[in-house]
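The structure under discussion appears below in the form of structure tokens.
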Amino acid sequence: MTDLDHAAESTTARLFCPYPRDFLWGAATAAYQVEGAVNEDGRSPSVWDTFSHRSGAVAFDQNGDRATEHYHRYPEDVALMKRLGLQSYRFSVSWSRIFPEANGVPNPKGLDFYKRLVDELRAADIQPWMTLFHWDLPQWAEDRFGGWESRDCAHMFADYAGYMAAELGDRLSGVFTINEFMCFLDKGYVDTGELFAPGKNVSKRILNQARHHAVYGHGLAVQAIRASGPAGLKVGLAENIPNIVPILETPEHIAAAREALRELSGMYLTPIFEGKYHPAYLEDAGDDAPIFTDDEMAAIASPIDFLGLNLYAPTYVRHDPASPRGWSGVNCGPGYPRMDMPWLAVGPSIMYWAPRLVSEAWNPPAIYITENGCANPDRPTQDNEIMDVGRVMYLQEHLIHLHRAAAEGYPVKGYFVWSLMDNFEWACGYTKRFGICYVNYETQERIPKLSAEFYSGVIARNAVGGG
Ligand code: PNW
């Protein structure tokens with residue numbers, strides 16, 4: 001076989017060879033982005049309600065009051081998932097629906113919504129995967145003790161996690177404790193340009209302490225879920241790791257990439273897997289480093305059943321003997337391809353490198369891609385079609401690289417596209433559309449886009465290409 005034949009064969013293989021037999025295909029959303037019904041059935045405000053009602057905080061002063069009305073339209077949405085052939089759905093729970101006040105008294109009506117949603121999913125043969133915290137901290141926790149600035153937040157979170165595992169655990173396929181530390185801490189506690197709720201501006205010292213309480217909250221939640229949930233309930237977290245890609249596939253650049261991943265995850269995933277903060281993080285923090293105990297570090301490193309990875313944009317890294325740490329970052333530079341979001345540079349090989357580098361660094365028992373997708377300025381044609389060829393391109397290229405990770409034996413077990421439908425995109429409001437289904441925000445009509453048809457085909461074939 002010539003080199004050219006070999007190259008052709010491997011590309012074809014990525015496209016047409018099936019994914020592993022029991023690979024799980026799904027879609028994801030998050031409570032505040034889709035539910036609406038913010039004042040119904042006893043729900044109290046979260047920090048995102050407060051923040052989005054602050055003038056100038058969100059594009060066009062938009063908010064999630066109505067969102068996509070998933071709270072009421074969930075039967076229709078589950079039917080849509082079924083039509084698309086989805087095998088799983090990752091949703092998040094609004095903590096302040098379950099515990100509207102600080103007094104620890106649960107709200108049965110809030111819980112009942114998630115019971116109905118989960119039952120509807122199971123009746124449609126769609127696996128429910130629940131995220132406990134996707135940034136919408138109850139406002140009472142912010143008012144009472146400054147949210148994650150306080151250890152109390154970690155304990156309250158664990159109580160809530162244990163309660164949900166006891167009430168719903170027997171009907172779930174998996175639980176994610178926390179979604180993306182960076183987005184509610186680094187973007188919510190410090191104004192670095194794109195401010196998220198609660199929209200504070202704290203000192204480095206307080207930020208580091210809040211980061212510590214959040215990873216501690218994750219660890220306590222894992223323990224509470226195991227203590228209160230049914231035996232065998234699987235638990236992990238969903239994290240947007242820095243998606244390190246070595247600038248070239250050579251041993252030095254790959255080693256540099258692995259070290260960069262551990263170091264840049266120094267305050268989040270590194271302690272969760274290693275029970276210790278990365279020394280470079282503590283050194284950089286100096287006097288602003290968090291205060292912690294050995295027992296807390298042990299709780300943070302409670303074993304998990306899987307790691308969820310939210311993968312969007314690459315961070316290129318090179319081997320660099322001139323840098324004290326032996327590696328440095330490489331900017332994408334002008335003219336680099338991007339999707340319709342300032343931070344969304346396109347680098348499909350993240351889908352290979354993230355599972356590989358994470359496995360080499362920490363060897364998690366299983367990996368799920370808990371989010372991947374892109375914004376595209378979608379508009380229906382006169383015939384009410386949404387021809388989002390850009391998103392089809394993005395998804396196809398990413399899935400080819402994910403196939404490589406699976407084919408090389410990294411333990412990728414499933415993939416959740418972000419998102420099932422267009423929704424409230426945080427500080428961008430409704431101006432950015434990430435859905436594979438279009439939402440008309442006037443009528444709340446959902447229209448599957450071309451990418452939904454593409455993704456349905458992938459699921460049906462369990463392979464990227466073919467027809
Ligand atoms: C994720 N970044 O957020 C969230 O989990 C979703 O709720 C969100 O809608 C989706 O990605 C799209 O934004 C991110 O700056 C926010 O790299 C920011 C970044 C990445 C992910």
Side-chain angles (χ1 to χ4, degrees), residues 26-35 46-48 51-52 58-59 62 64 67-68 70 89-94 129-137 176-197 214 236-245 264-265 268 307-316 329 331-332 336 338-347 350-351 354 368-378 391 394-395 398 415-437 439 451:
T29 64
Y32 191 68
Q33 296 182 271
V34 297
E35 284 180 2
S46 75
V47 295
W48 265 98
F51 181 73
S52 61
V58 173
Q62 292 167 339
T68 68
H70 186 56
Y89 177 52
R90 173 178 174 242
F91 62 95
S92 87
V93 175
S94 157
W129 289 70
M130 174 176 83
T131 305
L132 287 166
F133 183 71
H134 201 121
W135 316 348
D136 45 354
L137 188 80
F176 303 96
T177 55
I178 288 186
N179 182 75
E180 299 189 355
F181 293 105
M182 189 266 284
C183 284
F184 63 93
L185 295 163
D186 301 49
K187 281 172 179 275
Y189 280 40
V190 186
D191 191 351
T192 50
E194 188 191 36
L195 189 60
F196 281 4
L237 78 165
E239 178 61 338
N240 56 337
I241 56 164
N243 296 315
I244 312 289
V245 173
L264 295 177
S265 310
Y268 298 133
L307 173 65
L309 297 174
N310 295 356
L311 302 178
Y312 289 94
T315 301
Y316 290 103
N331 288 330
C332 291
Y336 189 93
R338 276 163 203 280
M339 302 308 287
D340 186 30
M341 200 70 185
W343 50 263
L344 224 177
V346 181
I350 54 176
M351 304 299 280
Y368 288 86
I369 308 305
T370 31
E371 290 181 24
N372 169 242
C374 64
N376 205 53
D378 302 315
R391 183 175 290 104
Y394 179 97
L395 295 178
H398 283 72
Y415 172 94
F416 297 83
V417 72
W418 184 270
S419 176
L420 173 66
M421 59 187 146
D422 297 337
N423 57 50
F424 177 76
E425 179 50 36
W426 308 114
C428 295
Y430 300 97
T431 65
K432 299 293 180 189
R433 293 178 177 271
F434 273 83
I436 58 169
C437 295
V439 175
S451 56

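Each ligand, and each atom within it, is numbered from 1 in the order the structure gives. What you see below is based on every heavy atom in this structure, not just the backbone, and it leaves out hydrogens, waters and symmetry mates.
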Any non-hydrogen atom of Ala30 lying under 4.0 Å from ligand 1? no
Whether Lys432 lies under 4.0 Å from ligand 1, heavy atom: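 Contact check Lys432 vs ligand 1: negative.
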For [X], counting its heavy atoms only, list the atoms of ligand 1 lying under 4.0 Å from any of them.
X      : value
Trp426 : 6 (C), 7 (O), 8 (C), 9 (O)
His134 : 4 (C), 5 (O), 6 (C), 7 (O)
Cys183 : 14 (C), 16 (C), 18 (C)
Phe434 : 12 (C), 13 (O)

Check whether the side chains of Thr29 and Tyr89 place a donor and an acceptor atom closer than 3.5 Å, and report yes or no. yes
Side chain, backbone, both or neither: the part of [X] lying under 4.0 Å from ligand 1 by heavy atom:
X      : result
Ala313 : neither
Met341 : neither
Asn179 : side chain
Glu194 : neither

Using the benzene-type ring in the case of Trp, are the ring centres of Phe133 and Phe184 under 6.0 Å apart?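 Close enough - the centres of the two rings lie under 6.0 Å apart.
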Hey, would you say the Trp418 and Tyr312 ring centroids sit under 6.0 Å apart?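 Trp418 vs Tyr312: aromatic centres not under 6.0 Å.
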Which is closest to atom 3 (O) of ligand 1 in terms of heavy atoms, Glu239, Lys187, Met182, Glu180? Glu180
Nearest-neighbour protein heavy atom for [atom], which is reported as residue plus atom name and distance:
atom                    : answer
atom 13 (O) of ligand 1 : Glu425 OE2, 2.6 Å
atom 4 (C) of ligand 1  : Glu371 OE1, 3.3 Å
atom 20 (C) of ligand 1 : Trp343 CH2, 3.6 Å

Geometry only, no angles: is Tyr312 polar-contacting ligand 1 at N/O separations under 3.5 Å? yes
Results of side-chain hydrogen bond (donor to acceptor under 3.5 Å, both in side chains) for Tyr430 - residues two or more places apart only: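 side-chain hydrogen bond (donor to acceptor under 3.5 Å, both in side chains) list for Tyr430, sorted by chain: empty.
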Rounded to the nearest 0.5 Å, what separates atom [atom1] in [X] from atom [atom2] in [Y]?
X      : Y      : atom1 : atom2 : value
Asn376 : Met341 : CG    : CE    : 13.0 Å
Leu185 : Trp135 : CG    : CH2   : 11.0 Å
Gln33  : Asn423 : CD    : CG    : 4.5 Å

Under the rule for salt bridge (Lys or Arg N to Asp or Glu O under 4.0 Å), what residues qualify as partners of Arg433, not counting sequence neighbours?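 By the salt bridge (Lys or Arg N to Asp or Glu O under 4.0 Å) rule, Arg433 matches Asp422.
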Least distance between heavy atoms, Tyr336 atom then Ala345 atom: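 Heavy atoms only, the tightest pair is CE2-CB, 3.6 Å.
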His134 versus Tyr32: any side-chain heavy-atom pair under 4.5 Å? no
